Amino acid sequence: AAHRGGVVICDAETEADLERIVEASLGVTPVLLVGSAALCHAVAARVPRGEASGGSEGDRQARPCLTIVGTAAPTAAEQAERLATETNPTRVVLPAADLLEASGALLDAWAARVADGLARGDVLVTLGAAPDGVRLPGEALTERLGALAGAALARPGAGTGPEADLILTGGETAHAVLRRLGVAELV
């Protein structure tokens, strides 16, 4: 699919899986690998220093990008803050506890905010912190994020289809969002 200009989504469970992903990507031009720190390490181990090229600013087409940070990893939070500072996207911070309890009307309002942001440019969606001492069910949160993203991207003018890019952090978040968008299988 990548040779035909498509998108290939891979789910790795082992270092050997990551090595196979990197190996398969070497013959594809252009290629953009997006993933975890472990994927970065696999690329670094395979590609000699100085050979990798990120392309130029002109290579990126003018499409909105929806970034959803659904992981509580401190590194992801730091990266989201840096992204917000450097690219000035529309920011949507969803209070985690409220997301779990949100009615259809509130979810629709958040989806509209995301869609409106995408009509103007990039959008960064993050989860607000849970109340101190409260552990929220991760699977329920990611399913709600998936529902929100699906609703936002289905709205007219939200930059759906090939006109929008997605960056999804947190494996369960990625699965939930992609399921809502009709991606049934990761290879």
Side-chain angles (χ1 to χ4, degrees), residues 6-7 9 30 32-37 39-40 54-131 134 136-183 186:
V7 175
I9 301 170
L32 174 63
L33 293 173
V34 178
S36 66
L39 178 61
C40 292
S56 68
E57 189 66 31
D59 291 342
R60 184 176 189 269
Q61 297 177 7
R63 297 185 302 219
C65 182
L66 172 58
T67 302
I68 301 176
V69 180
T71 179
T75 303
E78 291 169 14
Q79 291 169 338
E81 284 304 314
R82 184 169 178 187
L83 178 67
T85 300
E86 292 182 11
T87 66
N88 197 29
T90 297
R91 265 194 99 173
V92 180
V93 179
L94 304 171
D98 293 348
L99 181 60
L100 284 175
E101 304 297 325
S103 67
L106 184 54
L107 281 175
D108 285 345
W110 283 332
R113 184 164 175 220
V114 170
D116 290 346
L118 286 170
R120 293 188 308 276
D122 298 337
V123 176
L124 172 61
V125 176
T126 57
L127 290 173
V134 174
L136 299 172
E139 186 176 339
L141 278 173
T142 58
E143 288 303 318
R144 296 297 279 217
L145 280 171
L148 176 77
L153 291 169
R155 289 177 161 304
T160 58
E163 297 86 32
D165 294 324
L166 290 175
I167 299 173
L168 308 169
T169 68
E172 293 303 316
T173 299
H175 283 242
V177 171
L178 294 172
R179 271 194 309 273
R180 288 292 179 144
L181 298 178
V183 177
L186 296 177

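Numbering starts at 1 and runs along the sequence shown. Just so it is clear, the structure is predicted and the values come from calculations on it, not from any experiment.
Contact check for L141 versus L100: side-chain heavy atoms found under the 4.5 Å cut-off. Residues D116 and T90 have side chains not in contact (no heavy-atom distance under 4.5 Å, counting atoms from C-beta outward). The side-chain heavy atoms of L94 and L148, taken from C-beta on, include a pair separated by under 4.5 Å.
When all heavy atoms of A152 and A111 are compared, the closest pair comes out as CB-O, 3.5 Å. Between P64 and G121, the shortest heavy-atom contact is CB-O, 3.3 Å. The shortest heavy-atom contact between R180 and G150 is CB-CA, 4.3 Å. Closest approach of A96 to G128, counting heavy atoms only: CB-O, 3.4 Å. For the pair I68 and A149, the tightest heavy-atom approach, listed with the atom from each and the gap, is CD1-CB, 3.6 Å.
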Quick one: side chains of residues 71-81, donor-acceptor pairs under 3.5 Å with protein atoms, not counting sequence neighbours, listed by atom name and distance.
residue	atom	partner	partner atom	Å
T71	OG1	A73	N	3.2
E81	OE1	R91	NH1	3.4
E81	OE2	R91	NH1	3.2
E81	OE2	R91	NH2	2.8

Show the numbers, then the answer: is there a side-chain contact (heavy atoms from CB on, under 4.5 Å) between L124 and T87? CA-CA 10 Å; L124 172 61; T87 66; over 6 Å; no
Can V114 and L66 be said to form a side-chain contact (heavy atoms from CB on, under 4.5 Å), step by step? CA-CA 8 Å; V114 170; L66 172 58; 3.9 Å; yes
Worked verdict on L127 versus L145 for side-chain contact (heavy atoms from CB on, under 4.5 Å): CA-CA 9 Å; L127 290 173; L145 280 171; 4.1 Å; yes
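Qualifying side-chain contact (heavy atoms from CB on, under 4.5 Å) partners for A102, counting only residues two or more places apart in sequence or in other chains: L106, L107, W110, R144. By the side-chain contact (heavy atoms from CB on, under 4.5 Å) test, A176 is found to be paired with T142, E143, R179, residues two or more places apart in sequence or in another chain being considered. When the salt bridge (Lys or Arg N to Asp or Glu O under 4.0 Å) test is applied to E101, no partner is found at least two apart in sequence or on another chain.
Of the candidates T173, I167, L168, T169, V69 forms a side chain to side chain contact (heavy atoms under 4.5 Å, CB included) with just one, namely T169.
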